[in-house]
**Student:** 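Pasting a structure below so you can have a look.
Ligands are counted one by one from 1 in listed order, and the atoms in each one are counted from 1 as well. Both backbone and side-chain heavy atoms feed into the values below; hydrogens, waters and symmetry mates do not.
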Amino acid sequence: MSKKGRVFSGARPTGRQHLGNYLGAIKNYVALQDEYECVYCIVDIHALTTVDTTRDLKQNTYEMALDWLAAGIRPEESIVFIQSHVPQVTELHILLSMVTPLGKLTDLPTFKEKVRQNPNNVNYGLVGYPVLMTADIALYKADSVPVGIDQAPHIEFARETVRSFNYRYNTKVLIEPQMKATEIPKVLGIDGQQKMSKSLDNHIELAATPEETTKRIMQMVTDPARIKRTDPGNPDVCNVFSMHKIFSPDDEVAMINVECRRAGIGCVDCKKRFAANLNKHLEPFRARRAEIGANPDSVMDVLTDGAKRARTIAAKTMEEVREAVALP
Ligand code: SF4
């Protein structure tokens, strides 16, 4: 089947993935493969802009790649690789940086947010982060980038940077990427308050055992107004119910929606049901993870092969770029 175009997406190596990563990105990555040629990159260089230590970088990269493969990313079709294995990206980054006004970078809301979070580590790489991101996309001539609406300014930045480059050198060598607006659900952590995140330790890992998963689910915060078992609850404000809607059969969701409101079901029972449904949902993933993980070299082989394919595309792009810039 001919594909609609080429999609690029990158994610920082954050190690074992959690439900938020799955619902917010991986599920979509898997689905996109049916219609697009997909280039999926583990952006280890991006990670260097903010990490304190690189001690876990290799292991986190491996674990993340393993989760992607276990979730259904097909490396025989999609290109899965590590950003730093394609050095051309840094060359394109530097060339794009020459057509990027500094003020535009420092005005970006994400940059301001990063400075606010970590005022003692405002490094040069952090300022140029969106330029490196543009290089990631442009190097592989991706025409679509699947992102949530909150990422729209970054894609607009990438489009403008590509336009500036093409204009400056009177060329059409780089492609302006289109934003493929993707509905990214906001997945709350087990605290029911904040976005699911490893750093907040409110996450549920995909690779956890069924017992560990159930234990985490039993800790989930529910409707805060429901104190006693006999109090009627409100599923509309309960994160457990939001999860049921994703992972439980429709008739069970409908039953909980009614019974919770009249205290016909207790939160313990409700969570146990969610745990059972989630564990069932994750069964094939866990089996595949165990199978692939039994041979760690196979994961590295996928990444090596992906980098080789990525470098082939990158080398061709850079040949055209150097010619367009008229480098001697
Ligand atoms: S019964 Fe379920 S939906 Fe209702 S408050 Fe408890 S956990 Fe939430």
Side-chain angles (χ1 to χ4, degrees), residues 11 14-31 63-64 67-68 70-72 148-151 181-290:
T14 49
R16 286 178 166 216
Q17 301 291 279
H18 55 65
L19 271 189
N21 302 131
Y22 174 68
L23 296 170
I26 304 172
K27 202 169 162 222
N28 192 34
Y29 282 7
V30 173
E63 296 282 354
M64 189 157 112
D67 278 348
W68 282 7
I149 201 75
D150 60 322
Q151 288 290 311
T182 307
E183 205 186 312
I184 297 189
K186 190 178 177 200
V187 182
L188 297 179
I190 60 170
D191 54 14
Q193 298 283 324
Q194 307 194 70
K195 201 173 153 193
M196 189 175 284
S197 128
K198 231 177 183 177
S199 54
L200 295 172
D201 192 27
N202 65 358
H203 60 303
I204 298 174
E205 271 182 6
L206 300 176
T209 64
E211 295 71 30
E212 287 163 349
T213 305
T214 304
K215 202 171 155 202
R216 289 296 261 181
I217 291 172
M218 296 316 286
Q219 294 164 356
M220 283 178 82
V221 173
T222 64
D223 170 6
R226 195 176 184 195
I227 315 284
K228 298 195 297 292
R229 166 69 178 82
T230 47
D231 294 338
N234 179 4
D236 300 334
V237 298
C238 177
N239 191 28
V240 178
F241 188 64
S242 307
M243 292 290 189
H244 267 298
K245 284 197 272 190
I246 302 170
F247 294 103
S248 300
D250 291 348
D251 53 349
E252 202 171 344
V253 174
M255 181 278 285
I256 294 166
N257 197 13
V258 171
E259 294 303 324
C260 170
R261 292 175 203 275
R262 60 178 184 206
I265 183 172
C267 294
V268 172
D269 183 24
C270 188
K271 288 178 187 178
K272 280 185 186 158
R273 284 169 176 269
F274 166 49
N277 293 335
L278 179 62
N279 279 327
K280 188 157 175 258
H281 186 91
L282 289 175
E283 242 168 53
F285 167 85
R286 289 181 182 135
R288 205 162 146 62
R289 195 180 201 276

**Student:** Quick one: which ligand 1 atoms are inside 4.0 Å of a heavy atom on Val240?
**Tutor:**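 Numbered from 1, ligand 1 contributes 7 (S).
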**Student:** Give the numbers and elements of all ligand 1 atoms closer than 4.0 Å to a heavy atom of Phe241.
**Tutor:**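 The list of qualifying atoms is 3 (S).
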**Student:** Arg16 vs Arg289, test: side chain to side chain contact (heavy atoms under 4.5 Å, CB included). Steps then yes/no.
**Tutor:** CA-CA 11 Å; Arg16 286 178 166 216; Arg289 195 180 201 276; 3.8 Å; yes
**Student:** For atom 2 (Fe) of ligand 1, which protein heavy atom lies nearest, and how many Å away is it?
**Tutor:**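 Protein heavy atom with the smallest distance to atom 2 (Fe) of ligand 1: Cys270 SG, 2.4 Å.
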**Student:** Is the backbone N or O of Ala208 less than 3.5 Å from a side-chain atom of Arg286, with the two atoms forming a donor-acceptor pair by type?
**Tutor:**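 Such a contact is found between Arg286 side chain and Ala208 backbone.
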**Student:** If you count the non-hydrogen atoms of other residues, nucleotides and ligands that lie under 6.0 Å from NZ in Lys198, is the total more than 12?
**Tutor:**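 Counting other residues, nucleotides and ligands, NZ of Lys198 exceeds 12 neighbours.
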**Student:** To the nearest 0.1 Å, how far is atom 8 (Fe) of ligand 1 from its closest protein heavy atom, and which atom is that?
**Tutor:**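 Atom 8 (Fe) of ligand 1 sits closest to the protein heavy atom Cys238 SG, 2.4 Å.
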**Student:** What is the closest protein heavy atom to atom 7 (S) of ligand 1, and at what distance does it sit?
**Tutor:**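 Here the closest protein heavy atom is Thr222 CG2, 3.5 Å.
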**Student:** Only heavy atoms of Asp223, strictly under 4.0 Å: list the atoms of ligand 1 that pass.
**Tutor:**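 Reading through ligand 1 atom by atom, the close ones are 5 (S).
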**Student:** Counting backbone and side-chain atoms alike, does Cys267 have an N/O/S atom under 2.8 Å from atom 6 (Fe) of ligand 1?
**Tutor:**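 An N, O or S atom of Cys267 is closer than 2.8 Å to atom 6 (Fe) of ligand 1, so yes.
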**Student:** With no hydrogens and no angle check, just 3.5 Å: does a side-chain donor-acceptor pair link Asn202 and Gln194?
**Tutor:**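 Judged by distance alone, the side chains do not pair up.
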**Student:** Going by heavy-atom distance to atom 1 (S) of ligand 1, choose the closest among Arg226, Arg261, Arg229.
**Tutor:**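 Residue with the shortest heavy-atom distance to the ligand atom: Arg226.
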**Student:** Asn28 side chain to Ala25 main-chain N or O, any donor-acceptor pair under 3.5 Å?
**Tutor:**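 No; zero donor-acceptor contacts below 3.5 Å.
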**Student:** If only side-chain N and O atoms count, and only distance matters, is there a donor-acceptor pair under 3.5 Å linking Arg261 with Asn257?
**Tutor:**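 There is such a pair between these side chains.
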**Student:** Can you tell me the protein heavy atom closest to atom 4 (Fe) of ligand 1 and the distance?
**Tutor:**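 Protein heavy atom at minimum distance: Cys260 SG, 2.3 Å.
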